Amino acid sequence: MLSVRFIAENRDLVIARLKVKNFDSAGLVDRIIEADLQRRKLKSRLDTGQASVNKLSKEIGALYKTGRKEEADHAKDKTGKLKEDIRKLSAELTAVDRLLRDLLVQVPNLPHETVPAGMLPAENELVREGGVKPVLPTGAMPHWDLARKYDIIDFELGNKITGAGFPVYKGKAARLQRSLINFFLDEAVKAGYDEILPPVLVNEDSAFGTGQLPDKEGQMYHVSEDNLYLIPTAEVPLTNLFRDQIIPFSELPRKLTAYTPCFRREAGSYGKDVRGLNRLHQFDKVEIVEVQHPDHSYESLEAMTSYVESLVVKLGLPYRIMLLCGGDMSFHASKTYDFEVFSAAQGKWLEVSSVSNFESYQANRMMLRFRDENGKKIYTAHTLNGSALALPRIMAALLENNQTEEGIKIPAALLPYTDFEIIGP
RNA sequence: GGAGAAAUGGCAGAGUGGUCGAAUGCGGCGGUCUUGAAAACCGUUGUUCCGUUAUCGCGGAACCGGGGGUUCGAAUCCCUCUUUCUCCGCCA
């Protein structure tokens with residue numbers, strides 16, 4: 001979330017910027033400023049009252065020590081009224097604090113000044129395009145048919161075991177999946193990311209920290225017995241590793257990577273886009289996360305984007321990079337690049353990565369800060385993350401784009417990981 | 001799952017109702033000494049919020065695992081939750 005102070009000091013800027021996200025924030029912003037004013041007033045009065053009680057208590061202690069019991073008892077009576085005031089004030093303060101927080105979480109992150117205005121995916125800007133769309137053999141099939149033909153991904157079996165959206169990978173597809181995970185992790189480590197294997201269940205504080213709670217609650221699987229959430233992305237545990245931390249200047253940037261399964265309820269998404277591997281409730285992903293100094297976070301965003309690009313290039317997939325317009329960006333992001341690969345048999349661009357700078361939006365929520373060069377002042381850090389990469393749609397594109405009469409050819413980059421060159425009959 | 005013990009500053013570890021944001025040691029930072037370093041010695045060293053200030057700063061409030069309570073006053077007493085350790089049970 002944005003800090004209250006920032007909102008109060010930049011009221012008009014905030015309102016203007018959020019218009020790029022098609023968000024009318026004027027009323028909300030003014031209520032926040034008002035609540036903040038209330039809060040400060042209450043806090044001042046409460047502190048004054050508290051100070052009086054503290055002073056009296058000290059005096060009472062001194063009086064008892066010198067045996068002046070009557071005077072002490074008299075002083076005690078004086079605290080009664082003060083304590084009553086304090087009780088009232090602190091109740092009011094708690095209420096205003098809660099209101100303020102409820103309002104703050106409703107304010108989206110500000111889009112960066114380079115983010116184009118717009119509402120629809122069609123208004124996203126093409127940044128660059130690479131790779132070559134393959135010429136498919138006659139009789140080319142979409143991946144769900146290939147999966148059946150070579151008996152490598154079983155959707156029906158997943159239905160039986162769990163339900164729709166939980167496919168079972170078998171044989172060479174299982175091996176290919178594992179190869180992709182290892183390939184992505186190895187590449188990330190080579191690029192300077194520290195490998196982590198985090199929990200896939202997180203608590204409320206973590207889900208709040210990265211912004212899944214409160215507003216995206218319905219998208220996560222919830223284990224009510226223990227009040228834990230299945231992660232929708234490794235971003236959640238990875239970024240929260242830094243929650244409530246003050247990072248020394250010399251340790252910035254911190255770069256992490258992790259493979260995890262990801263779980264998404266995808267409530268309300270039915271229809272043609274969910275076919276095959278296109279949209280799943282459980283999928284595998286390697287994620288990269290970075291904590292960076294505010295002065296360098298946009299350099300990091302570009303670096304992360306180039307890194308992700310290197311992956312799709314190595315896999316030989318036709319891809320394009322889109323700069324998301326304000327309206328298509330997530331609530332929490334300041335700037336996002338989406339990666340899409342072309343899945344030839346479906347004739348469709350599939351989103352396989354989303355690389356975002358959140359600036360201080362997540363860091364404010366989770367008190368993630370750093371100390372400046374002199375070791376004196378403390379500032380909020382910036383956080384970024386990106387998929388590198390999400391596996392199912394990569395798998396879909398690999399199967400479809402590399403199909404030949406003999407079978408599906410494995411890209412050279414993966415050969416050290418698979419023990420086969422082709423998925424054939 | 002059952003029984004018991006515990007949770008204090010970056011770390012270790014005192015403190016069982018007032019003078020405690022908290023002894024002491026280690027670590028960190030600054031300095032003296034030294035050609036330099038080490039050792040020794042001296043000083044310094046948390047975070048959040050409110051107020052004030054151009055800034056350094058200053059004044060106040062809060063924080064000793066989380067939440068609540070008793071009291072004029074709580075690290076200290078009570079309740080509750082969480083976590084850790086030991087023993088028992090179960091188990092990949």
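Treat the numbers as computed from the prediction; the structure is a model and nothing was measured.
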Completion exercise
Rounded to whole Å, NZ of A:Lys58 lies from P of B:rA61 at a distance of 8 Å
Problem - Rounded distance in Å - CZ (A:Arg87) to C1' (B:rG69) - result: 11 Å
Problem - Span that lies between the P atom of B:rG66 and that of B:rA7, in whole angstrom - result: 13 Å
Practice task
Answer yes when A:Lys149 and A:Asp145 have at least one side-chain N-carboxylate O distance shorter than 4.0 Å, and no when they do not.
Solution key: no
Problem - N or O in side chain of A:Lys55 less than 4.0 angstrom from B:rG60 OP1/OP2 - result: no
Handout entry: Atom pair distance, as rounded to whole Å: CD1 in A:Ile86 and P in B:rG60
Key = 16 Å
Practice task
Please determine, for B:rC41, whether a Watson-Crick or G-U wobble partner exists with both distances under 3.5 Å, and give it or none.
Solution key: B:rG31
Problem - Identified pairing partner of B:rU55, criterion: Watson-Crick or G-U wobble below 3.5 Å - result: none
Problem - Any-strand Watson-Crick or G-U partner of B:rA3, both distances under 3.5 Å - result: B:rU86
Practice task
For nucleotides B:rG65 and B:rG21, find the distance between their P atoms and express it as a whole number of Å.
Solution key: 16 Å
Problem - Atom pair CD (A:Glu340) and CE (A:Met322), whose distance is rounded to the nearest 0.5 Å - result: 5.5 Å
Practice task
Work out which heavy atom in A:Lys21 is nearest to a heavy atom in A:Ser330; give both atom names and the distance.
Solution key: NZ-O, 2.9 Å
Exercise for the section: Under a 3.5 Å limit for both distances, which nucleotide forms a Watson-Crick or G-U wobble pair with B:rG10, could you say? Expected result: B:rC26
Handout entry: Distance-only polar pair, side chains of A:Asn385 and A:Glu290, donor-acceptor under 3.5 Å
Key = no
Problem - Test: A:Arg40 and A:Asp36 ion pair at under 4.0 Å - result: yes
Handout entry: Gap in Å between the two C1' atoms, one belonging to B:rG9 and one to B:rA75, rounded
Key = 12 Å
Handout entry: Protein-nucleotide distance (A:Ile60, atom CD1; B:rA74, atom P), rounded to Å
Key = 12 Å
Exercise for the section: Could you let me know what B:rC20 is paired to, Watson-Crick or G-U wobble, both distances under 3.5 Å, or none if it's on its own? Expected result: none
Handout entry: Any A:Gln50 side-chain nitrogen or oxygen under 4.0 Å from OP1 or OP2 of B:rG60
Key = no
Problem - For B:rU71, the Watson-Crick or wobble partner whose two distances fall under 3.5 Å - result: none
Problem - Pairwise P distance, B:rG25 and B:rA14 [rounded to whole Å] - result: 15 Å
Problem - B:rA74 to B:rA62 separation - P atoms, rounded to the nearest Å - result: 9 Å
Practice task
Send over the distance from A:Asn203 CG to B:rG65 P, rounded to a whole Å.
Solution key: 20 Å
Practice task
Decide, yes or no, whether a salt bridge links A:Asp419 with A:Arg175 under the criterion of side-chain N to carboxylate O below 4.0 Å.
Solution key: yes
Practice task
Write down the distance between CG (A:Asp85) and P (B:rA61), rounded to a whole number of angstrom.
Solution key: 17 Å
Handout entry: P-based separation of B:rA39 from B:rC26 [nearest Å]
Key = 11 Å
Exercise for the section: Give the rounded distance in Å between these two atoms: CZ of A:Phe249 and C1' of B:rG28. Expected result: 18 Å
Practice task
Searching all strands shown, indicate the nucleotide that pairs with B:rC63 (Watson-Crick or G-U wobble; both distances under 3.5 Å).
Solution key: B:rG46
Practice task
To the nearest Å, give me how far apart CG (A:Asp244) and C1' (B:rG66) are.
Solution key: 13 Å
Problem - Check: A:Tyr193 ring centre within less than 6.0 Å of A:Tyr307 ring centre - result: yes
Practice task
Could you say whether A:Thr79 or A:Thr48 is positioned toward the 5' end of RNA chain B, judged by the nucleotide with the nearest heavy atom to each?
Solution key: A:Thr48
Handout entry: Residue pair A:Pro116 / A:Leu324: nearest heavy atoms and the distance that separates them
Key = CD-O, 3.8 Å
Could you pull out the protein-nucleic contacts involving nucleotides 47-53 of chain B (nitrogen or oxygen on both sides, under 3.5 Å)?
unit_1: B:rU47; atom_1: OP1; unit_2: A:Arg371; atom_2: NH1; d: 3.0
unit_1: B:rU47; atom_1: OP1; unit_2: A:Arg371; atom_2: NH2; d: 3.4
unit_1: B:rU47; atom_1: O3'; unit_2: A:Arg369; atom_2: NH1; d: 3.4
unit_1: B:rU48; atom_1: OP1; unit_2: A:Arg369; atom_2: NH1; d: 2.6
unit_1: B:rC49; atom_1: O3'; unit_2: A:Arg39; atom_2: NH2; d: 2.6
unit_1: B:rC50; atom_1: OP1; unit_2: A:Arg39; atom_2: NH2; d: 3.0
unit_1: B:rC50; atom_1: O2'; unit_2: A:Ser44; atom_2: OG; d: 2.5
unit_1: B:rG51; atom_1: OP1; unit_2: A:Arg40; atom_2: NE; d: 3.3
unit_1: B:rG51; atom_1: OP2; unit_2: A:Arg40; atom_2: NH2; d: 3.4

Practice task
Using the C1' atom on both, measure B:rG69 against B:rG51 and round to a whole Å.
Solution key: 31 Å
Problem - Residues A:Asp194 and A:Lys255 bridged, charged N to O under 4.0 Å - result: no
Practice task
In whole angstrom, give me the gap between the C1' atoms of B:rU47 and B:rU8.
Solution key: 15 Å
Handout entry: Side-chain N,O (A:Asn54) to OP1/OP2 (B:rG73) below 4.0 Å
Key = no
